Amino acid sequence: MGKLRRRYNVKGRLQATPGPSKGPPEPPPVRLELEDKDTLKGVDASNALVLPGKKKKKPKAPPPSKKEKKPLTKKERKMLQKILEQKEKKSQRAEMLQKLSQVQISEAELRLFYTASKLGTGDRMYHTREKSDKIEAQGQEKISSLSGAHRKRYRQELEEEDSESSVESESNEAPASEPVQAGAGVLPAAPGAGPGSPGPSSQHSLAGTTSAPPGVASTLARPPAKPSVFIPVNRTPEMQEERLKLPILAEEQVIMEAVAEHPIVIVCGETGSGKTTQVPQFLYEAGYSSDNSIIGITEPRRVAAVAMSQRVAKEMNLSQRVVSYQIRYEGNVTEETRIKFMTDGVLLKEIQKDFLLLRYKVVLIDEAHERSVYTDILIGLLSRIVSLRAKRHLPLKLLIMSATLRVEDFTQNQRLFPQPPPVVKVESRQFPVTVHFNKRTPLEDYSGECFRKVCKIHRMLPAGGILVFLTGQAEVHALCRRLRRAFPHTRRRPPEKDQEDSVEEMRKFKKSRTRAKKAQAATLPQISLDNYSVLPAGEGDEDREAEMDEEEEALGSDLDLDLGDEGTDGGEQPDASLPLHVLPLYSLLAPEKQAQVFQPPPEGTRLCVVATNVAETSLTIPGIKYVVDCGKVKKRHYDRVTGVSSFRVSWVSQASADQRAGRAGRMEPGHCYRLYSSAVFSDFEQFPPPEMARRPVEDLILQMKALNIEKVINFPFPTPPSVEALIAAEELLVALGALQAPQKTESMKQLQRSRLSCPITALGRTMATFPVAPRYAKMLALSRQHGCLPYAITIVAAMTVRELFEELDRPAASDEELSRLKDRRARVAQMKRIWAGQGAARKLGDIMVLLGAVGACEYSGCSPQFCEANGLRYKAMMEIRRLRGQLTTAVNTVCPEAGLFVDPKMQPPSESQVTYLRQIVVAGLGDHLARRVQSEDLLDDKWKNAYKTPLLDDPVFIHPSSVLFKELPEFVVYQEIVETTKMYMKGSQAGGWPLA
DNA sequence: CGGTGAGTT
């Protein structure tokens, strides 16, 4: 440990041996291009990222066409495509390579960010918080009172242009990135139905078209114009028997006929219908994987992709070599693979390499109702790919699978599907869930209401697990503590449980027991340990509970499962003597603790899981019979104008509430207790808004531009992002040099039009190959100098993975726990200070902490013990390790002579490297600059220690968890601003100006 | 001096 500290204590290494290499103690000045003659040999430093459109003098990469404005004829485009196909691969790589080695951070660029931000000049006219809130409330059309009308007009113009056809302009500037046709990324405005998909396909055209018995249907349904292919599957009799119980088997023929006759089919079936596991099998049997092609299925989550591939392989009695999966960091796809499960992001990346997805005959988009951004983009892209493939007489089938009937965004969207695809509805095999509404809706204390409801269920109702939905970690833990105190375990846990538990969990367990015993000894001596009808002292609920007991009579028999919500409470039912096995569940919880909810609870106890939204879709807990739904959800909100985000708790949608309720009926009939009235429920939104409409989209826009989709506003999004979000994305990407800025010479009207159709630059293409946010991709693209790449990769990986540090700030259940927590917090704070380094390194601020934490963790072998001791989340560190690996590979691919590898014993950066890294970080976060307010500005107390940013009139502050909190440098750049009690700059900051 | 839901390349 001591050794380790020395390694990552920059002071220890650099100051103990001042001048370790030839490096002078003073960091070099800003102008990198003057520093290292070797790496800059032959480089035109003036051709930095600011002039990205300029073609290189590379003889290999002649600009394909410079007579741009003139639309190309079909013939011309075909010819162009041939040329491109021949030259593209070579030239593209060469171009990227050159670009990478060429890119420098120039002082000019830094100044650009600086002046652009107009800090401290007091002359800006930006939105206040109040204004921007209002804008959001008004909806996307009205951007602001100043510019709303004209932006609206602008949007109309863009849409009009759409009808002119967007085909011509795309293929001239940037060559298609891959050997597809030149217009590959060009999405024809009106795709038309492919061959073999004629017919009046109204939404209900399939209802009652067939009455063939299930099981034989697949032999009848086969792709048209294909020789009869039927690939038999040797299922075991047990498998077959299980399978036949699934309702979707009855729909096999309907589905397969629909697929045969239509290029695009929507399958709706709630959870339990078996669509995810069965439809791929139907397609396989019908020969959709013949001719060496693949059936592709996308899932929104990695675990689902892996689990589904394993399950389907087992059901089909096939090896994982045939039924395989591919997720971000791993996969088991082979040459033999015929059914491939993958995450939606993986398929999106594949489209970048092969726009027409020629390896696939069918693509299934699963869980489309969740409307993840990748799912939405895939559907938009696939709608066009399907018609492009049809024109090539290589038809591609698209199946969209949704758990709800909310498919109007797909069927009623003319731009997406001019011919609405048919919808096949599938019954599900869920057990009935009785929903009980509260008569009244608690205004604030839904947590307390949850507690009371769980108590009642536990005391009054028959065996069966309880699942409680709350909104956040802190709430989950608080309720767990309350419930454990109310229903302590009387018997020892089985020893193997103890081993699984972490030290902390065990300690908490002991704590809660002693605490409960104390409470009983002190105030409830007369009550036996097996009687849980009375709460321990200090709960603060005694009054209410007592009140409830009196009204017990009114309740009726114990079979009446409607517990009411008006203060009635259970008496001493026999079941009430059951101990309650309380477990927390949320996404950031350590996986081994998450896994506990899948274990059967200790004998003679009732399982009670207190969860956040993870339990709504991501994790299914077995044995749940009762669901308690507080009706709230915590969501992140982005201010579209300022980019400031905040977390807000709001009502869920009706669909979410129903999804939560459904979790009670997976094994047997269940009950759902909603802690709000049916009137309130009826006011809920029907569905949650798609993510696409809620978040910044610069990463998606860059991906699309890399597919040569220039006019992103014309893209057939199922639900488009707001125009402000699109404009903000393009502006950021232009500022990063990923897109070409509109020509200033153009007329106002042209300028406005081109603002949303900026072509991608060579740098942008390079950035798009890095699987991280554009800001971070830019950092990587800039780092090929002075040996900065390994550090930049580590920094980017650490900034990408959220929540590096464990949450240690929750209130402790006891003094003993409190002191332990305090010790851990102190230890983490100390480590942070050490990792923050000395001298120049300090100016890297929290980013140096990230670098130090990752470096130290890897140096120690990344053990769970090290993470535990230093407050690091083990899972996060593993993710960073894998991401470093992936990014290292990605950089090596673009730039093989870098010869990078992931070094677990990476040395801390030298002082001069630190300076370069600060510049690199600023280049990515240049628009996230803040300046300390001048003392003469301190008219108001609210500006004490405050910073000013270009876009916000209100003060922002360095977050107290930052190592720069007390330093208050004049300038900082920040990862993000999150509004809580104040507006805090969070994530990491690199501070100080100028940067040398 | 602090309050962070769930996903993904």
Side-chain angles (χ1 to χ4, degrees), chain A residues 298-305 326-329 342-353 367 370-378 469-478 585-589 611-619 630 632-637 645-650 652 656 659 688 690-692 694-695 699-700 702-703 706 767-774 776-777 796-797 800-811 825 829 873 879 882-883 886-887 889-890 944-945 957-962 965-966 968 976 978-982 984-987:
Chain A
T298 72
E299 297 288 335
R301 282 168 291 280
R302 293 177 197 161
V303 273
Q326 178 70 52
I327 59 174
R328 179 165 191 162
Y329 303 110
M342 64 201 123
T343 37
D344 42 18
V346 166
L347 188 63
L348 189 57
K349 275 281 171 197
E350 277 187 27
I351 292 178
Q352 244 177 45
K353 298 188 193 105
E367 314 283 11
E370 287 186 22
R371 306 297 307 275
S372 88
V373 285
Y374 295 110
T375 297
D376 270 17
I377 289 199
L378 278 177
F469 282 100
L470 281 174
T471 71
Q473 267 188 60
E475 278 175 15
V476 165
H477 280 291
L585 182 67
Y586 48 86
S587 171
L588 291 175
L589 192 67
T612 61
N613 243 11
V614 255
E616 191 179 303
T617 50
S618 303
L619 297 171
C630 76
K632 302 278 188 170
V633 66
K634 188 183 283 173
K635 276 185 178 176
R636 187 175 191 146
H637 289 256
S645 60
S646 57
F647 287 85
R648 295 180 208 165
V649 173
S650 55
V652 296
S656 289
Q659 173 77 13
E691 279 295 306
M692 184 68 76
R694 304 191 66 252
R695 76 168 185 74
D699 52 342
L700 307 171
L702 180 59
Q703 295 300 312
M767 285 165 59
T769 67
F770 299 138
V772 288
Y776 304 149
V796 164
T800 298
V801 173
R802 58 170 194 169
E803 301 302 327
L804 231 60
F805 293 93
E806 225 178 297
E807 174 70 58
L808 295 175
D809 287 347
R810 56 168 166 267
R825 265 176 270 183
R873 272 182 57 234
E879 180 84 10
R882 295 196 289 180
L883 186 50
Q886 195 192 22
L887 293 177
T889 307
K944 197 182 170 201
N945 295 339
F957 299 87
I958 293 180
H959 195 270
S961 67
S962 167
F965 179 60
K966 283 177 184 159
L968 299 169
E976 58 175 354
V978 179
E979 184 174 15
T980 52
T981 53
K982 287 175 176 175
Y984 283 110
M985 296 178 278
K986 285 208 63 175

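Letters A, B, ... are given to chains in the order of the sequence lines, protein chains preceding strands, and every chain is numbered from 1. Model, not experiment: these values are computed from the prediction.
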Quick note, A/Phe647 side chain, CB onward, closest among B/dT9, B/dT4, B/dT8 is B/dT4
Ranking B/dC1, B/dT9, B/dA6 by distance to the side chain of A/Asn613, first place goes to B/dA6
Query raised in the report: Would you say B/dG7 has OP1 or OP2 under 4.0 Å from some side-chain N or O of A/Ser587?
Result: yes
A/Ile327 CD1 to B/dT9 P, in whole Å, measures 7 Å
Separation of B/dG7 atom P from A/Ile377 atom CD1, nearest Å, is 20 Å
* Counting only side-chain N and O atoms of A/Thr980, is one of them less than 4.0 Å from OP1 or OP2 of B/dT4? -> no
Rounded to the nearest 0.5 angstrom, the CD-CG distance for A/Glu367 and A/Asp344 is 10.5 Å
Between CZ of A/Arg802 and P of B/dT8 the distance, given in whole Å, is 10 Å
Rounded to whole Å, the CD-P distance (A/Glu803 to B/dG3) equals 12 Å
- Query: What is the nucleic acid contact for A/Glu807, judged by heavy atoms within less than 4.0 Å: base, sugar-phosphate only, or nothing?
  - Reply: base
Inset, instruction - Select base, sugar-phosphate, or nothing to describe what A/Arg328 touches, counting heavy atoms under 4.0 Å on all strands. - result: base
Among the nucleotides B/dG7, B/dA6, B/dT4, whichever has the atom closest to the side chain of A/Thr612 is B/dA6
Here the distance between atom P of B/dA6 and atom CZ of A/Arg371, to the nearest Å, is 22 Å
Taking only N and O in the side chain of A/Thr981, is any of them less than 4.0 Å away from OP1 or OP2 of B/dG3?
yes
In this structure, OG1 of A/Thr769 is separated from NZ of A/Lys349 (nearest 0.5 Å) by 7.0 Å
Query raised in the report: Going by atom types only, do A/Ser656 and A/Glu616 share a side-chain donor-acceptor pair under 3.5 Å?
Result: yes
- prompt: Is the distance from OP1 or OP2 of B/dG2 to the nearest side-chain N or O of A/Tyr984 less than 4.0 Å?
  reply: yes
Interatomic distance, CZ@A/Arg302 vs OG1@A/Thr343, rounded to 0.5 Å, equals 7.0 Å
Checking the side chain of A/Arg873 only, and the main-chain atoms of A/Glu807 only, is there a donor and an acceptor separated by less than 3.5 Å? no
From CG of A/Leu588 across to P of B/dG3 the rounded distance in Å is 16 Å
Side-chain contact check for A/His959: nearest option of B/dT8, B/dG3, B/dG7 is B/dG3
Separation of B/dG7 atom C1' from A/Arg636 atom CZ, nearest Å, is 13 Å
Residue pair A/Glu299/A/Lys966 against DNA chain B: nearer the 5' end by closest nucleotide is A/Lys966
Would you indicate, yes or no, if B/dG5 has its OP1 or OP2 atom less than 4.0 angstrom from a side-chain nitrogen or oxygen of A/Lys634?
-> yes
*asked:* Please confirm whether the shortest side-chain N or O distance from A/Ser618 to OP1 or OP2 of B/dG7 is below 4.0 Å.
replied: yes
Using a heavy-atom cut-off of under 4.0 Å over every strand shown, decide if A/Val614 touches base, sugar-phosphate, or nothing. sugar-phosphate
From CD of A/Glu806 across to P of B/dG3 the rounded distance in Å is 19 Å
Check your understanding: How is A/Thr471 classified with respect to the nucleic acid when contacts are heavy atoms under 4.0 Å: base, sugar-phosphate, or nothing?
Key -> sugar-phosphate
OG1 (A/Thr471) and NZ (A/Lys632) are apart, to the nearest 0.5 Å, by 9.0 Å
inquiry  = Under 4.0 Å, heavy atoms only, any strand: does A/Gln473 hit a base, just the sugar-phosphate, or nothing?
reply    = sugar-phosphate
May I ask you to evaluate whether A/Ser961 reaches the phosphate of B/dC1, defined as a side-chain N or O under 4.0 Å from OP1 or OP2?
no
